[in-house]
Every structure is written in structure tokens, then in C-alpha cells.
Amino acid sequence: MSDFPRILALESSCDDTGAAVLAGGRLLSNVVATQKVHEQYGGVVPELASRAHQQHLLPVVAAALRDAGLVKTDLDAVAVTQGPGLLGSLLVGGMFAKTLALALGKPLIMVNHMRAHILAHFLGSPVPAFPFLCLTVSGGHTQLVVVRSALDMEVIGQTIDDAAGEAFDKTAKLLGLPYPGGPHLDKLAQHGDPLRFAFPVGAMAGYDFSFSGLKTAVLYFLKKETAKNADFVAQNLADLCAGIQYTIITTLLRQLRRAAADTGLTQVALAGGVAANSGLRAAVHAEAAAQGWQLFIPALAFCTDNAAMVAQAAHFQFLAGDFATQLASPDPRLKLR
């Protein structure tokens with residue numbers, strides 16, 4: 001495989017600062033710096049995230065180049081997440097990438113974060129064949145996407161309110177779990193009874209999702225039960241986690257099943273940070289076996305936010321000549337097309 005193009009990619013859409021180098025479609029390095037400062041606030045504080053990106057970018061870029069065995073002048077392009085995400089965080093990464101590309105005289109590639117999540121499947125093998133159906137589940141987005149090619153994607157369903165990852169984190173917070181709550185809820189759910197406590201599954205027409213009703217239902221259920229027993233949550237924590245996780249997964253699978261049947265697509269993929277959830281991964285594997293789907297899920301390291309997926313998306317854009325100018329700007333509400 002040729003080592004061309006050699007792309008340095010940056011990811012700074014939320015609270016993880018990432019840098020990766022891809023050469024000829026082969027990943028040479030992938031470095032991520034996480035931000036612990038948000039844990040004490042129970043959620044990401046945008047201003048603190050922006051400041052942390054400023055501190056982390058130079059070290060992660062230096063580490064990514066060192067791990068790849070390259071220097072800046074070896075690069076053929078610089079890529080960065082354009083959106084969606086937090087505006088301040090996107091601005092920090094975008095300005096760094098634009099400055100570096102200009103200084104090196106190299107092309108600049110602006111990448112859609114959601115497209116990158118989907119194309120993370122091409123960082124390993126086997127890879128899905130086009131067209132395929134992808135369920136992308138993250139902290140800020142829940143989408144069903146028909147992927148016709150690396151550059152041609154259609155969103156056929158999405159959340160109308162909270163994303164699935166947000167539902168995990170917010171209900172976990174109601175249970176008193178540390179931030180980020182999703183992984184803690186997933187771990188506890190493995191030891192609970194998912195059917196002991198029933199919560200409403202958001203009933204949406206078509207392929208859209210809704211999770212705000214679940215959050216409200218959990219809130220009022222806990223208020224009612226703790227009024228009768230102050231130790232209710234502590235005494236039933238595993239079952240509560242299992243019930244919440246079961247409800248979110250049931251909602252996701254119902255719409256995925258419907259979309260696969262209506263589109264006739266049997267190549268099915270799962271992407272996004274919530275794709276790291278063990279309950280969801282197991283449920284989708286079981287559904288794929290029952291439906292006869294060929295299922296694809298990226299390695300855990302490529303599910304959560306990382307620069308390797310940005311580099312992979314940029315690789316396809318480089319080959320298509322899809323470059324940005326210095327006038328390009330971050331877009332916190334960037335749509336997937």
C-alpha cells in the first residue's frame with residue numbers, strides 16, 4: 001500500500017483532544033488527551049473544554065507525529081473536525097489546523113464529525129460494503145443513516161430531542177452516579193434485572209427517536225419512590241440501571257429493525273460513543289443474528305471521539321479533492337449530507 005496521502009487529523013469537537021496520522025489509508029498513530037476537569041461539575045463546561053484544548057493540542061500533535069515517525073514537512077494535508085460540536089472547542093482545533101496547513105503550504109480538509117464516526121468502520125477489517133445502514137449513537141446525536149458511499153450519506157431518522165447518550169448520562173445523574181454516567185450505568189446494569197422496573201419506550205413514527213420522555217419518567221418515578229423510602233435508589237440501583245438501559249436499547253433497536261426492513265439493507269453498522277455500551281453491542285449482535293444482518297462495529301478505541309476517524313474521513317475527501325479554504329469556519333450544527 002502506498003504511503004500517500006499522509007494526513008494529520010485533529011479532533012476537538014467536545015472535551016477530548018485528539019491527533020492522528022494516516023498514511024495511504026493506514027493508521028500510524030492515534031493520540032487522545034481526555035479532560036478530567038468536568039467531572040466535578042457533572043457535565044462538560046464549554047469554556048473549560050476550550051481552555052483544555054489549547055493546552056493539549058501541541059503535545060498530542062507532537063506525540064502523534066513522533067509515534068508515526070514523521071515530521072510536519074512530511075505531511076500531505078491537515079484535517080480537522082468542522083462540526084457538529086461545541087463552538088469554542090471547534091474554534092480552537094480549527095484555528096490550529098488552518099494555521100498549520102497555511103504554514104506548511106498543505107491542503108486543509110474540514111471533516112463532519114458524524115461522517116467520521118461512520119467511516120471509523122474503515123479503520124479495521126472487515127469493512128461494510130456500500131450501501132449500508134448505520135445507527136450512530138453518541139452523547140449529542142442519534143441517527144439512522146443510509147451510507148451510499150464515503151461521501152454520499154442520507155440521514156433517514158434522528159432524535160427529535162435528547163440523544164441516547166444524553167439520556168444515559170442524565171438518568172445516571174438522577175441516580176447519583178459520577179460523570180460521565182453512561183459507562184457507570186452500563187456496568188451496574190450487567191448485574192440487574194432489566195424487567196423489574198418498566199419505563200416508557202418513546203413511540204415515534206418513521207425512523208426518528210425520542211428520549212426526553214424517559215428522562216422525565218425516571219425523574220418522577222424516583223421522586224415517588226424515594227418519598228416512601230429514602231434508600232430506594234441505593235437498594236435497587238442495579239435493577240434501575242438495567243431497566244433504563246433496556247428501555248434505551250429497545251427504542252434504538254425498534255427503529256433500526258424498521259429501517260433495515262424498509263430499506264432492504266442487510267449490511268448494518270453501529271457507530272458513535274454509545275456503541276461502546278456492552279448492553280447495546282450484545283443486543284445488536286443478537287438482533288443481527290435473528291434478522292440475518294451482516295453487522296459491523298468499530299473497535300472500542302474508534303467508537304468514542306478520536307482523531308483516527310477524522311483522518312479516515314479526510315482520506316476519502318483527499319482522494320476526491322474535497323479541500324477547504326482558509327475562509328472555512330467551524331459549524332456547531334453542521335448537518336450530515
Side-chain angles (χ1 to χ4, degrees), residues 14-16 34-45 117 135-143 159 161-202 209-226 229-256 270-287 297-298 300-305:
C14 191
D15 62 333
D16 287 332
T34 58
Q35 301 178 7
K36 299 294 185 182
V37 66
H38 307 286
E39 293 178 359
Q40 60 187 303
Y41 300 102
V44 177
V45 180
H117 269 305
L135 172 62
T136 308
V137 195
S138 68
H141 297 81
T142 302
Q143 297 178 337
T159 181
D161 43 54
D162 295 345
E166 187 178 2
F168 271 116
D169 286 339
K170 287 186 174 179
T171 52
K173 188 173 182 178
L174 293 174
L175 296 174
L177 300 179
Y179 174 85
H184 295 284
L185 191 147
D186 179 26
K187 186 175 181 179
L188 288 164
Q190 296 173 32
H191 306 288
D193 178 359
L195 302 180
R196 184 178 170 207
F197 300 114
F199 298 107
V201 175
F209 304 88
S210 173
F211 294 100
S212 63
L214 170 63
K215 181 182 62 179
T216 303
V218 171
L219 172 65
Y220 284 108
F221 177 74
L222 294 179
K223 281 186 175 181
K224 182 183 72 173
E225 295 300 326
T226 53
N229 175 10
D231 297 322
F232 175 79
V233 172
Q235 293 171 356
N236 300 280
L237 187 55
D239 289 344
L240 287 166
C241 290
I244 291 168
Q245 180 156 293
Y246 174 82
T247 304
I248 294 173
I249 291 172
T250 298
T251 304
L252 293 170
L253 285 183
R254 184 189 60 187
Q255 301 301 73
L256 176 61
L270 180 64
V274 182
N277 179 278
S278 66
L280 178 59
R281 292 171 81 94
V284 175
H285 273 291
E287 189 69 29
I297 306 177
L300 286 173
F302 303 138
C303 288
T304 52
D305 289 350

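Below, each value reflects all heavy atoms present in this structure, side chains not excepted, and no hydrogens, waters or symmetry copies. Since this is a predicted model, take the numbers as computed values, not measurements.
- Taken to the nearest 0.5 Å, the NE2 atom of H117 stands 5.5 Å off from the OG atom of S138.
- Here the closest non-hydrogen pair linking A163 and G139 is CB-O, 3.6 Å.
- The side-chain heavy atoms of H141 and T136, taken from C-beta on, include no pair separated by under 4.5 Å.
- Under the salt bridge (Lys or Arg N to Asp or Glu O under 4.0 Å) criterion, R196 pairs with D239, sequence neighbours left out.
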Stepwise side chain to side chain contact (heavy atoms under 4.5 Å, CB included) check, C241 with D186 | CA-CA 7 Å; C241 290; D186 179 26; over 6 Å; no
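- Within the 4.5 Å cutoff, side-chain heavy atoms of L240 are placed close to those of F199.
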Step-by-step side chain to side chain contact (heavy atoms under 4.5 Å, CB included) determination, V284 to L252 | CA-CA 9 Å; V284 175; L252 293 170; over 6 Å; no
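- Taking CG of L270 as the reference point, atom CZ of R281 lies at 7.0 Å (rounded to 0.5 Å).
- Partner of N277 under the side-chain contact (heavy atoms from CB on, under 4.5 Å) criterion, chosen from V137, L185, I249, I248: I249.
- The salt bridge (Lys or Arg N to Asp or Glu O under 4.0 Å) check on D162 picks up K215, with sequence neighbours excluded.
- The one candidate from T171, T142, T216, T247 that meets the side-chain contact (heavy atoms from CB on, under 4.5 Å) condition with F211 is T142.
- Counting heavy atoms from C-beta on, the side chains of F197 and N236 come closer than 4.5 Å.
- In this structure, the side chains of T159 and Q143 stay at 4.5 Å or more apart for every pair of heavy atoms.
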Assess whether side chain to side chain contact (heavy atoms under 4.5 Å, CB included) is satisfied between L256 and E287, documenting all intermediate values.
-> CA-CA 10 Å; L256 176 61; E287 189 69 29; 5.8 Å; no
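- The shortest non-hydrogen separation linking F209 to T251 is CE2-O, 4.0 Å.
- The closest donor-acceptor contact from the side chain of D169 to the backbone of P180 lies at 3.5 Å or more, if one exists at all.
- Between L135 atom CG and L253 atom CG the span is 8.0 Å, to the nearest 0.5 Å.
- Between the CG atom in L280 and the SG atom in C303 there is a gap of 9.5 Å [rounded to 0.5 Å].
- Note that CG of L188 is 10.5 Å distant from CD1 of I244, once rounded to the nearest 0.5 Å.
- Panel note: side chain D161, backbone S212; a donor-acceptor pair is recorded below 3.5 Å.
- Taking OG from S278 and NZ from K187, the interatomic distance works out to 11.0 Å, rounded to the nearest 0.5 Å.
- In this structure, Q245 and P194 have side chains that are not in contact, with every pair of non-hydrogen atoms separated by 4.5 Å or more.
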